[in-house]
**Student:** 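There's a structure below that I have some questions on.
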Amino acid sequence: MSQSKVGLVGLAVMGQNLALNIAEKGFPISVWNRSPGKVDTTVERAKNEGNLPLTGYHELEDFIGSLERPRRIIMLVKAGKPVDATIDRLVPLLEPGDLIVDGGNEWYPNTERRAKAVGEKGIMYMGMGVSGGEEGARNGPSMMPGGPIEAWQMLQPIVAHVAAQVDDGPCVVHIGPGGSGNYVKMVHNGIEYGDMQLIAEAYDILKTVGGLTNEELHQVFDTWNKGELESFLVEITAQIFAKKDDEGQDGHLVDYILDKTGMKGTGRWTVMEAADNSVAAPTMAAALDARFLSGLKEERVAAAPHFKGPDVVTGVDKAQLIDDVRQALYASKICSYAQGMNLIRAASNDPEHNWGLDLGSIARIWKGGCIIRAAFLDRIKQAYDRDANLPNLMIDGEFAKELNERQPAWRRVVGLAVASGIAVPGFSGSLAYFDQYRRARLPANLVQAQRDFFGRHTFKRTDKEGTFSAMWEE
Ligand code: 6PG
């Protein structure tokens, strides 16, 4: 019997679909899962979806024995302990030169720890972020593998075909060494949280101030998706507004969904990392806080009668509002991506990592397949191609021009929202990020004075070199 090119362990939604995708691209694949039922389902699907070259195994030993050497095994099991447990079962059956790839959303230090542990046995290890949900996994995800270059050389011939394909190649690249693949996927998810929050704020303003119906919102997002905001998340948002309730109620499903956002936590890691690296990430942090506050549904319902918010501003020109919100959304998005990219760079430059990550190629592989895929990522790639050391995406000539042009609309939207009592932490946090970055002088002089006043923390002066401390109280 001929041997499989690759093996995949863990046949939940992502694993199953990725395995079928790999098989469809012409790579004979073996699959194994802890509970055998999923193996049989996957085999059945492979048969029904075009007699794909996929073989299922109930015994791990048989699975390992079916793989071409050196072996390539992709794991798609729940991050954390289940990954450790799977490695513990795999490793005794493997040989030096074999490769294990974790395709889950893993906390990057876990990947580095595991790479070290299995590396002692000569086994190679990679952490590979995979984005695109079920559909992406099946038809072409964006993939972010990190780990040793030799491991990448083993993986590349397969993933280059399995990943989404865009005008300038497959949406996969060797991200860098260590846990950098997981790291970049983590930041992708932080950006994903930011994008989703910004879109939700746009919805809130258009609905609450503009009085737009779901049909109108569908139209607006559909139109936006044909312009500079073209992206997967804007596209699905348009579709969401068109979806009628599926439980027999009048109207649209979106109006019956409880306003409480769940999460698995990668966005939280991003904000924790931003703080750890002293990188300002207000848009992503706003998105995370908004999820926390949304979670307090019962508390919010109980609090509502205690407060009286302002009346919503009336008499707004609807067409103007829609256009303003589009511009505010786009400008805020630039800020959010600038934060994400700067976090990736900070982590890359951390002397403990020294990952040497290339921001342009990271933007490139997000152009297709992943949840944040958007036309605008090509422009981000071009900005880093023009200047790989761009200190902030906002000051790239093209993005700076766009931010300048959108400022009046952006400020009108934030002002209108604040006056109407509508929270827009993503829009306003992004605008504050822009305003702080743009202003040559900030009120930080006063904070320094206070620090020196109560703690002799010292300060620098604008007019001469040196470190100073003052006798603040005569
Ligand atoms: C992707 C997504 C995915 C993530 C979900 C849910 O890139 O395909 O980022 O990996 O798990 O979006 O994330 P939350 O449950 O944290 O919202």
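Not measured: the values here are computed from a predicted model. Order of listing sets the numbers, starting from 1, for every ligand and every atom in it. FYI, side chains are in, hydrogens and waters are out, and symmetry mates aren't considered; it's all heavy atoms of this structure.
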**Student:** Would you call the rings of F241 and Y203 parallel, tilted or perpendicular, taking 30° and 60° as the class edges?
**Tutor:**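 If you compare the ring of F241 with that of Y203, the planes turn out tilted.
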**Student:** Does the cation-pi check pass for R373 over F232, that is, NZ or CZ under 6.0 Å from the six-membered ring centre and within 45° of its axis?
**Tutor:**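 Judged by the rule (NZ or CZ under 6.0 Å from the ring centre, within 45° of its axis), R373 counts as positioned above F232.
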**Student:** Can you list everything that forms a side chain to side chain donor-acceptor pair (under 3.5 Å) with K226? Sequence neighbours excluded, please.
**Tutor:**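 Checked K226 against side chain to side chain donor-acceptor pair (under 3.5 Å); matches are D222.
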**Student:** Taking a 3.5 Å cut-off between nitrogen or oxygen atoms, can you list every pair linking ligand 1 to the protein, with distances?
**Tutor:**
unit_1: ligand 1; atom_1: 7 (O); unit_2: S131; atom_2: OG; d: 2.4
unit_1: ligand 1; atom_1: 7 (O); unit_2: K185; atom_2: NZ; d: 3.2
unit_1: ligand 1; atom_1: 8 (O); unit_2: S131; atom_2: OG; d: 3.4
unit_1: ligand 1; atom_1: 8 (O); unit_2: G132; atom_2: N; d: 3.0
unit_1: ligand 1; atom_1: 8 (O); unit_2: G133; atom_2: N; d: 3.3
unit_1: ligand 1; atom_1: 9 (O); unit_2: K185; atom_2: NZ; d: 3.4
unit_1: ligand 1; atom_1: 9 (O); unit_2: N189; atom_2: OD1; d: 2.9
unit_1: ligand 1; atom_1: 9 (O); unit_2: N189; atom_2: ND2; d: 3.1
unit_1: ligand 1; atom_1: 9 (O); unit_2: E192; atom_2: OE1; d: 2.6
unit_1: ligand 1; atom_1: 9 (O); unit_2: E192; atom_2: OE2; d: 3.3
unit_1: ligand 1; atom_1: 10 (O); unit_2: N105; atom_2: ND2; d: 2.9
unit_1: ligand 1; atom_1: 10 (O); unit_2: K185; atom_2: NZ; d: 2.8
unit_1: ligand 1; atom_1: 11 (O); unit_2: N105; atom_2: ND2; d: 3.3
unit_1: ligand 1; atom_1: 12 (O); unit_2: E192; atom_2: OE2; d: 2.6
unit_1: ligand 1; atom_1: 15 (O); unit_2: K264; atom_2: N; d: 3.0
unit_1: ligand 1; atom_1: 16 (O); unit_2: Y193; atom_2: OH; d: 2.5
unit_1: ligand 1; atom_1: 16 (O); unit_2: K264; atom_2: N; d: 2.9
unit_1: ligand 1; atom_1: 17 (O); unit_2: R291; atom_2: NH1; d: 2.8

**Student:** List the atom pairs, with distances to 0.1 Å, where a side-chain N or O of residues 140-161 and a protein N or O form a donor-acceptor pair under 3.5 Å, not counting sequence neighbours.
**Tutor:**
unit_1: S142; atom_1: OG; unit_2: I365; atom_2: O; d: 2.6
unit_1: H161; atom_1: ND1; unit_2: P157; atom_2: O; d: 3.0

**Student:** Quick one: do W355 and Y183 satisfy ring-ring contact (aromatic ring centres under 6.0 Å, His included)? Show the steps, please.
**Tutor:** CA-CA 11 Å; W355 285 332; Y183 200 94; 5.4 Å; yes
**Student:** Partners of S420 by side chain to side chain donor-acceptor pair (under 3.5 Å), sequence neighbours excluded?
**Tutor:** none
